[in-house]
Amino acid sequence: MIRLRNLVKTFSTAKGAERALDGVSLEISKGERFGIIGRSGAGKTTLLRTINLLERPEQGSVEIDGSDLTRLDEPALALARRDIGMVFQNFGLLSRRTVAGNVALPLELAGHSRADIVPRVRSLLARVGLKDKEEAWPSQLSGGQKQRVGIARALATSPKLLLCDEATSALDPETTTQILELLRELNEELGLTIVFVTHEGDVVRRLADQVAVMEGGRIVEQGRVFDIFTRPLSKTARSFAAELGASPIPEALRFEAKSRSGLGAATLITLAVPDESAHEALVSELVRRFELNVDVVAGRIEHIQGRRWGSLSLLASGEPERMGAAIHFLRERRIGVEVLGHVAGDA
Ligand SMILES: Nc1ncnc2c1ncn2[C@@H]1O[C@H](COP(=O)(O)OP(=O)(O)OP(=O)(O)O)[C@@H](O)[C@H]1O
């Protein structure tokens, strides 16, 4: 449905020419929830804004449903943009219009009659959970409510595609969860394609099917979210995966394991929990088969696309030979094992 080909975009800045997009090509299917992730300055926002030509690339094409937007004249582009809604980090509401007035704006611009607009706005606001806020002013709303208005406004012209630029970055964790749920529901109910930009791995984990990872104006990796987070190849994807899947080992324990010389009574080990394996059984197996004492000190298991992934940190003690055999056994079963060091104590 969306086909971006070889996009190049350069900004002139005080420091000289800044290449924000350096040959980006991407295909996004209809109905997909597609995340674009990267660190600050990677070019995510610029890429998102080229999809509706808020940024015009110097090179490349932006094809949506077979039509290249870069070749359209202004009236045709304005028409094409009605099929693309956009949601912003800071909501972008007009403070001098009521909630209903904000949602009505795209419909007014598209030339709809008042008789069409009033019921449409009412039903959009009901859908995003703001039935009683029609006459409220943006300043009277919480951040989450403002973003709901932003989403209702973006959906006013019944677009097929929704672009979200850090839509939850200004929100607290609970409100983030609610907005992500709303976006997921809208995707499923309306078959809406959602392309979103974020610098948070957790937002990608929770919302996306597919993800593209950006570094320095390029896409360095792309694929299904589970695959990218569990087998990251690029530096950026590796760092997002590490943030997302790391066991929260107490700092004091990590420090002791790192700084202690020689062997202690217990070995601090982190296991990368593999896709399908029953990690609970692993611990009992280490105890039974290798006669180790095992104490689980930290763990973090996330669900990505319905599959488990994360890490488990253990303090294990026992015969050195058996410890070595246990580590060998785990690695043979393709479980990532990282020995962080040794600590005193009797695990
Ligand atoms: N309007 C502009 N004028 C000049 N330079 C710009 C402009 N917009 C973006 N850039 C530059 O292009 C590069 C990519 O910026 P972009 O905002 O797309 O990155 P990003 O990945 O979205 O980062 P962030 O998360 O910080 O917004 C940066 O170096 C930025 O400084």
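What's counted below: heavy atoms across the whole structure, side chains too, no hydrogens, waters or symmetry copies. Counting starts at 1 for both ligands and their atoms, following the listed order. Owing to the predicted nature of the structure, the values given are computational and were not obtained by experimental measurement.
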From atom 25 (O) of ligand 1, work out which of His199, Lys15, Lys44 has a heavy atom at the shortest distance.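 The residue whose heavy atom sits nearest atom 25 (O) of ligand 1 is Lys44.
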Heteroatom distance test (Ser40, ligand 1): nitrogen or oxygen, under 3.5 angstrom: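 Yes; the residue has a nitrogen or oxygen that sits under 3.5 Å from a nitrogen or oxygen of the ligand.
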Check ligand 1 against [X] and write out every atom of the ligand that is under 4.0 Å from a heavy-atom position of the residue.
{"X": "Glu18", "result": "11 (C), 12 (O), 29 (O)"}
{"X": "Ala42", "result": "19 (O), 20 (P), 21 (O)"}
{"X": "Arg39", "result": "21 (O)"}
{"X": "Thr13", "result": "4 (C), 5 (N)"}
{"X": "Ala20", "result": "12 (O), 13 (C), 14 (C)"}

All pairs passing side chain to side chain donor-acceptor pair (under 3.5 Å) where residues 238-249 contributes a residue, at least two apart: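 As it turns out, the side chain to side chain donor-acceptor pair (under 3.5 Å) pairs with a partner in residues 238-249, which skip direct neighbours, are Arg39-Ser239, Arg39-Glu243, Ser247-Ser311, Ser247-Ser313.
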Please write down residue, atom name and distance for the protein heavy atom closest to [atom].
{"atom": "atom 17 (O) of ligand 1", "result": "Thr45 CB, 3.8 Å"}
{"atom": "atom 19 (O) of ligand 1", "result": "Gly43 N, 3.1 Å"}
{"atom": "atom 2 (C) of ligand 1", "result": "Phe11 CD2, 3.4 Å"}
{"atom": "atom 14 (C) of ligand 1", "result": "Gly41 O, 3.5 Å"}
{"atom": "atom 16 (P) of ligand 1", "result": "Thr46 OG1, 3.6 Å"}

May I ask you to check whether [X] and [Y] show a side-chain donor-acceptor distance below 3.5 Å?
{"X": "Gln147", "Y": "Thr168", "value": "no"}
{"X": "Glu221", "Y": "Ser234", "value": "yes"}
{"X": "Asn52", "Y": "Arg81", "value": "no"}
{"X": "Glu215", "Y": "Thr236", "value": "yes"}

Ligand 1 contact by Arg49, heavy-atom criterion under 4.0 angstrom: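 No.
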Would you kindly check if the NZ (Lys) or CZ (Arg) of Arg307 is within the cone defined by 45 degrees around the ring axis of Phe226 and under 6.0 Å from the six-membered ring centre?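 Here Arg307 passes the 6.0 Å and 45° test against Phe226.
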With rounding to the nearest 0.5 angstrom, report the CZ to CZ distance, Phe196 to Phe34.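 Going from the CZ atom of Phe196 to the CZ atom of Phe34 covers 9.5 Å.
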What residue among Val99, Leu141, Leu130 forms side chain to side chain contact (heavy atoms under 4.5 Å, CB included) with Arg148?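 With Arg148 as partner, side chain to side chain contact (heavy atoms under 4.5 Å, CB included) holds for just one option, Leu130.
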Specify whether the nearest protein heavy atom to atom 31 (O) of ligand 1 is under 4.0 angstrom away.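 So atom 31 (O) of ligand 1 lacks protein heavy-atom neighbours under 4.0 Å.
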Is Lys9 close to Asp22 at the side-chain level, that is, under 4.5 Å between some pair of heavy atoms?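 Side-chain contact under 4.5 Å: no.
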